[in-house]
Amino acid sequence: MRRNKKSRCFCFISVLFLCLTCCTKAENFALKSPYIKSELPQCAFHVYRHLSKTGGTTMRFIFEKQTVMGEWEFPLIYGFKSEEWAGLLTRWKLAAEDWSKGTRESGPRVLVEVRGNWPSNWPAENFVEKVVPDVLRLKSEFGPTGCQITTSILMREPLPQYLSFYHYYIAKKQTSEAGPNDRGPEAPGAQAWGSGAAEWAEHVRDMQVRELLGTKCTSQMRQPPFQVDVSGGAVTRVGVKQVPKQCEVTAKDVSTARALVRGADVVGVTENFAEFLLMLSDKVGLVHCQHAVSNTGHGERRREALAEDVVQTIHKSTPWDQEIHRLVSEVQQQQIRDAGQDFARRLQLFKNSQVKFGSRAFVGGKPPPSLYKWVDEAEALQAGIERVSPSFFTEPKGGGQAIAYIYFKPVMLVPHNSALRCVKGCTFE
């Protein structure tokens, strides 16, 4: 009798182990949180428009988590080039066609972040005229076959967005002293960069709308607003830099921005980030939304604690940002209402599921352990570790992820239990 009990116990444990193993390999459905209702789509392509200091770094880390969970491909660095975009579209289309014909095991599932700046500004400059039309063509062609093609935009209330940008990029330029080699037009110090947030913001208008459009001199946002003379050995201000006419936001530009917002599948404001992320989960199929707010920077951003000249100057510099932010907020609230009571219930559960893990506070609970991680490719090859290439990938190496953001060497996706150090995708471990 005792032997039978042991046998039954052993059988139960064996079956349980096999069950858990299968669930883990079957794209972690067993790890779904109770506030998540979406399933992984069989075929998908999602483009997220990242605007500076609106929560984009947090979104990037969330996307990377989906990759190391073995569920999505995130194949392009945010400043991708024209040929990289074209290559991804070609690979994705071929994979989607083969999947719809039944000649490919898994349909492609791709996440794309559009920002620009580095190493190329092509995706930002061509977002309106090239990227969005390409995505709409994908939706028209492959939507009827069962592929989910979606886009999203996240904006932020202009005052905290400007101050976050100022403290992250500009303040250190204003307070640094020009050295012997700092004698160019961007020499650090107040002469070129201004003194304080108000003097800088007065000359940098409507940053978010300009960045959303991508063709409105976004590089000017990170440049000093004043001309200086360095010929006399000292840095001396000589006047305000004239902003080129093409940098100004026109009524036509605002109409384009409105159309982009209304045409996106999911929109949100950073002030309601949890609402945005859960809606993205519902409509795109992101299963793992546990996150810690990232890259927040320092500096005061509370309106009541700010000098009045700072508040008023930023208000005067952001009329179109304010208008489009209001529109985004209105559209987001309508999307939430349309989602009904079930969404509201799950949203509260999502917001209330907070846990301290290590030194960080996570929203949505503790992130599940990842199946994979990105490691240095040369180290992996030297150790004889095989590359992981999930069946839904459009490219065996994972595309642009093979040249990691921040880590400037080729990387390789490997099992998470590998002894090699993780160099990418482990932020939310």
Side-chain angles (χ1 to χ4, degrees), residues 49-54 56 78-79 81-82 114-133 153-171 173-174 184-188 190-229 237-261 310 312-328:
R49 184 63 171 100
H50 176 175
L51 306 180
S52 297
K53 309 312 294 179
T54 62
Y78 66 52
K81 299 174 183 177
S82 172
V114 170
R115 188 184 184 196
N117 300 319
W118 180 89
S120 167
N121 204 41
W122 184 89
E125 293 175 346
N126 291 274
F127 180 66
V128 175
E129 297 296 331
K130 179 65 176 169
V131 174
V132 171
I153 297 171
L154 184 65
M155 288 190 72
R156 188 176 185 179
E157 202 269 316
L159 179 62
Q161 190 265 345
Y162 259 63
L163 290 169
S164 181
F165 190 99
Y166 168 76
H167 288 297
Y168 194 81
Y169 293 112
I170 307 299
K173 299 283 190 179
Q174 293 182 337
E186 296 193 9
Q191 295 298 308
W193 293 90
S195 179
E199 190 172 25
W200 164 77
E202 180 182 358
H203 305 286
V204 183
R205 297 178 64 82
D206 293 307
M207 289 199 298
Q208 291 183 81
V209 171
R210 288 167 60 190
E211 190 169 359
L212 175 62
L213 297 169
T215 56
K216 294 292 168 180
C217 315
T218 53
S219 61
Q220 183 257 349
M221 301 173 189
R222 301 192 193 190
Q223 296 171 355
F226 300 103
Q227 291 181 323
V228 293
D229 179 13
R237 184 184 299 181
V238 296
V240 177
K241 283 186 179 179
Q242 294 302 308
V243 178
K245 195 72 175 175
Q246 66 266 26
C247 302
E248 297 177 5
V249 177
T250 66
K252 182 181 178 181
D253 294 329
V254 176
S255 295
T256 300
R258 291 194 194 102
L260 289 171
V261 170
V310 173
Q312 291 302 319
T313 300
I314 293 176
H315 181 77
K316 290 178 182 177
S317 290
T318 58
W320 296 126
D321 278 5
Q322 293 170 51
E323 178 173 328
I324 299 303
H325 176 269
R326 281 194 296 272
L327 175 62
V328 170

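Every heavy atom of this structure was used, including side-chain atoms; hydrogens, water molecules and symmetry mates were not.
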K.L.:
Does any part of the side chain of Q220, heavy atoms only, come nearer than 4.5 Å to the side chain of R210, both counted from C-beta?
P.N.:
yes
K.L.:
What do the steps show when you test T318 against Q322 for side chain to side chain donor-acceptor pair (under 3.5 Å), and what is the final call?
P.N.:
CA-CA 6 Å; T318 58; Q322 293 170 51; 2.9 Å; yes
K.L.:
A quick test of your reading: do over 12 heavy atoms of other residues, nucleotides or ligands sit less than 6.0 Å from NZ of K241?
P.N.:
yes
K.L.:
Just by modelled atom types, is the D206 backbone N or O under 3.5 Å from a matching donor or acceptor in the Y162 side chain?
P.N.:
yes
K.L.:
Decide yes or no on side chain to side chain contact (heavy atoms under 4.5 Å, CB included) for Q161 and H325, but give the supporting numbers first.
P.N.:
CA-CA 11 Å; Q161 190 265 345; H325 176 269; over 6 Å; no
K.L.:
Between the main-chain N or O of M207 and the side-chain N or O of D321, is there a donor-acceptor pair closer than 3.5 Å?
P.N.:
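Answer holds: yes.
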K.L.:
Considering non-hydrogen atoms only, spot the tightest contact between P185 and A192 and give its length.
P.N.:
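Nearest heavy atoms, P185 then A192: O-CB, 4.1 Å.
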K.L.:
I would like to know whether L159 and H315 meet side chain to side chain contact (heavy atoms under 4.5 Å, CB included); could you show each step before the answer?
P.N.:
CA-CA 7 Å; L159 179 62; H315 181 77; over 6 Å; no
K.L.:
Distance-only, no hydrogens or angles: does the Q227 side chain make a donor-acceptor pair with backbone N or O of G239 under 3.5 Å?
P.N.:
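No: the side chain of Q227 does not pair with the backbone of G239.
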K.L.:
How long is the straight-line distance from OG of S219 back to CD of E211, given to the nearest 0.5 Å?
P.N.:
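One gets 11.0 Å once the value is rounded to the nearest 0.5 Å.
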K.L.:
Looking only at atom types and distance, does a side-chain atom of R156 sit under 3.5 Å from a main-chain N or O of K53, one as donor and one as acceptor?
P.N.:
yes
K.L.:
Would one find more than 12 heavy atoms of other residues, nucleotides or ligands at under 6.0 Å from atom CD of Q242?
P.N.:
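No, CD of Q242 has 12 or fewer neighbouring heavy atoms, counting only those of other groups under 6.0 Å.
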K.L.:
Assess the residue pair L260 and R49 against the criterion (side chain to side chain contact (heavy atoms under 4.5 Å, CB included)); give the C-alpha distance rounded to whole Å, side-chain angles, the decisive distance to 0.1 Å, and a yes or no.
P.N.:
CA-CA 10 Å; L260 289 171; R49 184 63 171 100; over 6 Å; no
K.L.:
Please answer whether the main-chain N or O of A251 pairs with a side-chain N or O of S255 as donor and acceptor at a distance below 3.5 Å.
P.N.:
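It does hold such a pair.
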K.L.:
Between Q191 and R237, is there a donor-acceptor pair closer than 3.5 Å when you use the side chain of the first and the backbone of the second?
P.N.:
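It does hold such a pair.
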K.L.:
Can you tell if the side chain of W200 reaches within under 4.5 Å of the side chain of F165, non-hydrogen atoms only?
P.N.:
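Side-chain contact under 4.5 Å: yes.
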K.L.:
Could you report the tightest heavy-atom contact between T313 and A198, atom names first, then the distance?
P.N.:
CG2-O, 3.3 Å
K.L.:
What's the shortest heavy-atom distance between M155 and L51, and which atoms?
P.N.:
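Between these two residues, the closest heavy atoms are CG-CD1, 3.8 Å.
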K.L.:
For E186, is there an ion pair with K173 - N to carboxylate O distance below 4.0 angstrom?
P.N.:
no
K.L.:
What are the two closest non-hydrogen atoms of P123 and V131, and how far apart are they?
P.N.:
O-CG2, 4.1 Å
K.L.:
Starting from the C-alpha separation in whole Å, work towards a yes-or-no answer on side chain to side chain contact (heavy atoms under 4.5 Å, CB included) for V249 and R205.
P.N.:
CA-CA 9 Å; V249 177; R205 297 178 64 82; over 6 Å; no
K.L.:
Nearest heavy-atom pair of P119 and G79: which atoms, and what distance?
P.N.:
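So the two residues come closest at CD-O, 3.2 Å.
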K.L.:
If only side-chain N and O atoms count, and only distance matters, is there a donor-acceptor pair under 3.5 Å linking D253 with T256?
P.N.:
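Distance-only check fails for T256 and D253.
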K.L.:
CG of N126 to NZ of K81: how many Å apart, nearest 0.5 Å?
P.N.:
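It is 14.5 Å, given to the nearest 0.5 Å.
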K.L.:
Provide the closest heavy-atom pair for V254 versus E323 in the form atom of the first, atom of the second, distance.
P.N.:
CG1-OE2, 3.9 Å
K.L.:
Using 0.5 Å steps for rounding, measure from the OG1 atom of T215 to the CZ atom of F127.
P.N.:
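Result: 12.0 Å between the selected atoms.
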K.L.:
Is the side chain of W193 donor-acceptor paired with the backbone N or O of A187 at a distance under 3.5 Å, no angle test?
P.N.:
yes
K.L.:
Taking C-beta and beyond as the side chain, do V204 and I170 meet within less than 4.5 Å on heavy atoms?
P.N.:
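No. Closest side-chain heavy atoms not under 4.5 Å.
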K.L.:
Between the side chain of Q208 and the main-chain N/O of S52, is any donor-acceptor distance below 3.5 Å?
P.N.:
no
K.L.:
Just by modelled atom types, is the A201 backbone N or O under 3.5 Å from a matching donor or acceptor in the S317 side chain?
P.N.:
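At least one qualifying donor-acceptor pair exists.
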K.L.:
For the backbone of E248 and the side chain of K216, can you confirm whether one donor and one acceptor N or O come within less than 3.5 Å of each other?
P.N.:
yes
